[in-house]
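Just below is one structure, and these are the notes that go with it.
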There are 2 protein chains.
Amino acid sequence: MKIDPKKPADLSAQIAQAIRDAIISGELIVDERLPSEAELSEQFQVSRPTVREALKRLAAQSLIRTQRGASGGAFVNRLSFEGAYSQQITTSTLLLSMNAVSFDTACEARFALERACAPLSAERRTADQLATMRAEVHRQSQPGLTDEAFCASDVAFHRALVDGAGNPVLSYQLAGAVEAMQPLMNMITFTARSREAIIALHNQVADALENRDSTKVDATLVELENYTRQLAQDVAQQRRKPA
Amino acid sequence: MKIDPKKPADLSAQIAQAIRDAIISGELIVDERLPSEAELSEQFQVSRPTVREALKRLAAQSLIRTQRGASGGAFVNRLSFEGAYSQQITTSTLLLSMNAVSFDTACEARFALERACAPLSAERRTADQLATMRAEVHRQSQPGLTDEAFCASDVAFHRALVDGAGNPVLSYQLAGAVEAMQPLMNMITFTARSREAIIALHNQVADALENRDSTKVDATLVELENYTRQLAQDVAQQRRKPA
DNA sequence: AGACTTTTAAATGTCAGACAAATAAAAATT
DNA sequence: AATTTTTATTTGTCTGACATTTAAAAGTCT
């Protein structure tokens, strides 16, 4: 972890990469304390501000945390699934908005991934997760709900479905795909009738999961995907000619 | 983007979050230039090193890039799918290794996601992607290949399969799941016989994709998953009692 | 006037040294 | 022995300076 050829790019980036490599390779293990900023600046032969910039880079990726005080310092973080969600969601959201990903493309990806979870979820979903889904469907049926709140509840419903698979790796990967859709979904105006249709399909999904009928879950998700894409298409068409 | 309550935690983290929010909300658009470090330090009423630490945090997430010189500065990055891969893979890899995710769990997630791509890939795969897969299978059959090289080729094969779906969102989400498995796969010793079996299954997948037979692709992926998990189980068992 | 060279100014990258604040351990006191 | 005080360590922040890079402005020559 000492390598630092003086030729190329920013020192702070190089130092961050060196420490990052040490973490990935296992040279630095979870909860291990890095040398103090003063020691690091000595070790890498750079000033303390430069070391600090490197450490901030790592902190931004949740690879380390810092603590002030006598026995403080920078410590290697245990990267948790929960903590990785937010970053994953931020990145996914920006990817969609900055690259002008079409609603269809995002929607296709989302439902393809969700359907991948369906068989596992039908097999393993807990009563708790089923109750969460029922509760969200109930919320969706409340009058006076804003479109944003409806979408948020939709996301919560689908996350419960995904979590039902009982596989943290799947939940992590899916979080980005499901949550990143929310800004796109928010562009849709949900009429009373379209909400009714979606709620009905959500209820069918919940019913099928309750009966552990994975075939039915899959079929209903296909229906839901088609309906959602149709809805988005209608909204887009209406915007083109509002008359 | 001016809010900065002086109550709580690190200033550089707060400033980074304020700028991050501005980017996410679209207040700052792609390729737009941020105010100079001097201006930002004035605007936020902090010193330049503090501003710089904030900017380095954002640079670590590829949200901005910096350029030196007269008309240089910090610019909002377009977050590209390609660029997001590496971060996604790094995070996924660390998640698996730091949380002691079992081989079975990771394997299950990976194949569930891949099977989600299979129907789309059967429909849309290009001749080019098929050729890539054939080439990788051929590489896998070469004698004298190290286990690492075999695994790397395996990853390349599966990435071509995923890319065949022609959905960049899917490719992005799947990259993490597929590549993060590599360190786990590398722990397996591939005998000549097991390589033969895997290559045969890979050929079946390629054949099915060539015929656009999504049912066959799915069935073969299930076989491949079962075989892989069995293989890992055997290795684990052999390690427990090496006698 | 036009093409080339030189200068200049603006911006990031880096450094040095200092002080503030938090925190845990050591020392002192009750 | 328990509590309080002191002390040392470490991160967080500030100030000011210099180095380096780069594009545009100014100058120079043909």
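Per chain, numbering begins at 1; letters A, B, ... match sequence-line order. Below, each value reflects all heavy atoms present in this structure, side chains not excepted, and no hydrogens, waters or symmetry copies.
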- Item | Rounded distance (Å) that lies between atom C1' of D/dC14 and atom CG of B/Leu40 | 17 Å

- Note on the structure: Per the under-4.0 Å heavy-atom filter, residues of residues 53-64 of chain A near DNA chain D come out as A/Lys56

- Query: Are any of the side-chain nitrogens in B/Asp104 or B/Arg110 under 4.0 Å away from the carboxylate oxygens of its partner?
  - Reply: no

- Under 6.0 Å between the ring centres of A/His158 and A/His202? yes

- May I have the distance from A/Glu37 (atom CD) to D/dT11 (atom P), rounded to whole angstrom? 4 Å

- Message: I'd like to check the ring-ring contact (aromatic ring centres under 6.0 Å, His included) partners of B/Tyr172; sequence neighbours left out, ordered by chain and number.
- Response: none

- Item | Distance-only donor-acceptor test, A/Arg48 side-chain atoms vs D/dG12 base atoms, 3.5 Å | yes

- Note on the structure: A/Leu11 CG to C/dT12 C1', in whole Å, measures 13 Å

- Message: Applying a 4.0 Å non-hydrogen cut-off, can you work out what A/Arg33 is touching in the nucleic acid: base, sugar-phosphate, or nothing?
- Response: sugar-phosphate

- Does NZ or CZ of A/Arg159 fall inside the cone over A/Tyr85's six-membered ring, less than 6.0 Å from its centre and within 45° of the axis? yes

- With a 4.5 Å heavy-atom cut-off, do B/Phe103 and B/Thr228 have their side chains touching? yes

- Item | Nucleotide C/dA11, atom P - distance to CD of B/Glu42 in whole Å | 13 Å

